[in-house]
Amino acid sequence: LGQGARIKLSIAEIDTIKRHDLKAYDVVVLANPPSLDSRDARSLEAFVRRGGGLLVTVGEQVQPTRINHVIGGLLPRTLRSSRLAGDAAASTEGRDRRVAYLAASADEHPILNGFSHEDLAALKQVRVNTYMLVDPAPTSGGKTALSLDNGAPILLTKSIDKGRVGLLTTSIDRDWTDLPIRVHFLPMLVQTIRYLARTQTMNSSV
């Protein structure tokens with residue numbers, strides 16, 4: 001993943017991790033994982049501590065208690081439960097109230113390097129309908145890159161030994177957010193992967 005290099009993807013089911021040599025990869029993405037067995041969790045921890053990057057995204061399949069049990073020590077914050085954005089008392093007729101918008105963190109995160117004021121303004125138009133609550137006590141040294149306008153973290157990172165871990169507390173598809181159809185989604189994802197792989201981030205202008 002050097003500057004200008006193309007990102008090569010290898011897609012696998014969660015229960016086939018043990019068949020892959022993680023040393024061959026720079027970053028592993030766990031997208032909406034239902035669970036992990038303890039052996040896979042140990043492999044991922046070793047991978048991160050050696051310098052690998054790990055990105056975990058959530059969704060309907062994620063069971064916080066199970067995920068916290070196997071990889072909670074790797075996550076920037078442990079997971080709590082999913083929550084509908086906006087006013088919980090909103091009626092069916094007022095479903096437009098059940099939405100929150102993205103906001104950049106007060107202290108700019110390296111993932112956002114290269115994003116102009118216009119880019120950040122565009123990100124603030126992203127709508128999030130559902131997200132996962134996390135432990136409010138930042139005891140593990142994690143850092144927030146993106147949050148919601150209500151202050152809830154959406155994208156967090158954490159350094160562990162030589163590696164880095166990212167946590168997206170909403171879905172990476174359109175189930176919980178319209179982020180994937182926004183023009184800045186791909187640049188943001190690429191910069192996140194480059195950050196986790198400890199390579200120079202690319203300019204996000206599109």
Side-chain angles (χ1 to χ4, degrees), residues 14 29-36 53-92 94-109 111-112 115 119-158 164-193 195-196:
I14 191 75
V29 179
L30 296 182
N32 192 18
S35 186
L36 286 167
L54 173 65
L55 176 61
V56 180
T57 76
V58 302
E60 293 290 347
Q61 294 188 117
V62 170
Q63 300 181 47
T65 301
R66 290 187 178 182
I67 293 298
N68 289 339
H69 178 70
V70 291
I71 59 169
L74 291 177
L75 299 178
R77 307 265 191 98
T78 52
L79 300 173
R80 295 174 65 188
S81 60
S82 61
R83 180 173 182 175
L84 286 174
D87 184 357
S91 65
T92 302
R95 288 185 64 86
D96 58 312
R97 294 168 60 195
R98 289 188 173 180
V99 67
Y101 294 89
L102 285 190
S105 62
D107 299 322
E108 186 171 334
H109 193 285
I111 287 175
L112 301 180
F115 279 74
D119 295 332
L120 295 176
L123 279 176
K124 291 180 181 179
Q125 302 303 311
V126 171
R127 297 161 62 94
V128 177
N129 299 305
T130 310
Y131 60 98
M132 192 77 72
L133 294 170
V134 294
D135 187 335
T139 58
S140 57
K143 187 174 182 181
T144 301
L146 291 169
S147 61
L148 294 179
D149 52 6
N150 64 9
I154 281 291
L155 179 60
L156 308 95
T157 62
K158 173 183 175 181
R164 289 172 173 169
V165 179
L167 172 63
L168 182 69
T169 63
T170 191
S171 63
I172 201 170
D173 57 20
R174 293 189 62 188
D175 286 353
W176 288 7
T177 175
D178 68 358
L179 176 60
I181 64 171
R182 299 285 181 166
V183 68
H184 290 90
F185 170 68
L186 185 56
M188 188 197 76
L189 185 60
V190 170
Q191 297 230 133
T192 299
I193 290 174
Y195 173 79
L196 296 176

Quick one: [atom1] on [X] to [atom2] on [Y], what's the gap to the nearest 0.5 Å?
X      : Y      : atom1 : atom2 : answer
Thr170 : Asp175 : OG1   : CG    : 9.0 Å
Leu196 : Thr157 : CG    : OG1   : 7.5 Å
Leu54  : Leu75  : CG    : CG    : 8.0 Å

So which atom in [X] and which in [Y] form the shortest heavy-atom distance, rounded to 0.1 Å?
X      : Y      : answer
Leu102 : Leu146 : CD1-CD1, 4.4 Å
Val128 : Ala85  : O-CB, 3.2 Å
Leu79  : Asn68  : O-ND2, 2.7 Å
Pro64  : Met132 : CG-SD, 3.9 Å
Ile67  : Ser35  : CD1-CA, 4.0 Å
Ile111 : Met188 : CG2-O, 4.4 Å

- Query: In this structure, which one of Thr192, Leu120, Leu155, Asp119 forms a side-chain contact (heavy atoms from CB on, under 4.5 Å) with Leu112?
  - Reply: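 Going through the options one by one, the only one that passes is Leu120.
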- Message: Using the side-chain contact (heavy atoms from CB on, under 4.5 Å) definition, which of the options Val58, Thr177, Leu84, Val99 pairs with Thr130?
- Response: Leu84
- Message: Test of understanding: with side-chain hydrogen bond (donor to acceptor under 3.5 Å, both in side chains), list the residues that count as partners of Glu60, not counting sequence neighbours.
- Response: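 Result, side-chain hydrogen bond (donor to acceptor under 3.5 Å, both in side chains) vs Glu60: Trp176.
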- Residues in side-chain hydrogen bond (donor to acceptor under 3.5 Å, both in side chains) with Asp178, at least two apart? Arg182
- Start with the C-alpha gap between Ile154 and Ser147, add the side-chain angles, then the distance that decides, and say whether side-chain contact (heavy atoms from CB on, under 4.5 Å) holds. CA-CA 5 Å; Ile154 281 291; Ser147 61; 5.6 Å; no
- Go through the side-chain N and O atoms of His109 and Thr144 and say whether any donor and acceptor fall under 3.5 Å apart.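 On atom types as modelled, these side chains do not qualify, holding no pair under 3.5 Å.
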- Is the NZ or CZ atom of Arg83 positioned over Tyr131's six-membered ring, under 6.0 angstrom from the centre and within 45° of the axis?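 No, Arg83 and Tyr131 do not form such a contact.
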- Item | For Tyr101, the option from Lys124, Gln125, Arg127 that meets side-chain hydrogen bond (donor to acceptor under 3.5 Å, both in side chains) | Arg127
- Query: Should Phe185 and Ile172 be marked as a side-chain contact (heavy atoms from CB on, under 4.5 Å) after you check the CA-CA gap, both sets of side-chain angles, and the distance that decides it?
  - Reply: CA-CA 10 Å; Phe185 170 68; Ile172 201 170; 4.0 Å; yes
So does [Y] get a backbone contact from the side chain of [X], meaning a donor-acceptor N/O pair under 3.5 Å?
X      : Y      : result
Arg77  : Asp135 : yes
Gln61  : Pro33  : no
Thr169 : Pro153 : yes

- Query: Does some side-chain heavy atom of Leu30 sit less than 4.5 Å from a side-chain heavy atom of Ile71?
  - Reply: yes
- Query: Could you go step by step and tell me if Val62 and Asn32 meet the side-chain contact (heavy atoms from CB on, under 4.5 Å) rule?
  - Reply: CA-CA 6 Å; Val62 170; Asn32 192 18; 3.5 Å; yes
- Query: side-chain contact (heavy atoms from CB on, under 4.5 Å) between Val134 and Leu167: does it pass, once the steps are laid out?
  - Reply: CA-CA 10 Å; Val134 294; Leu167 172 63; 4.1 Å; yes
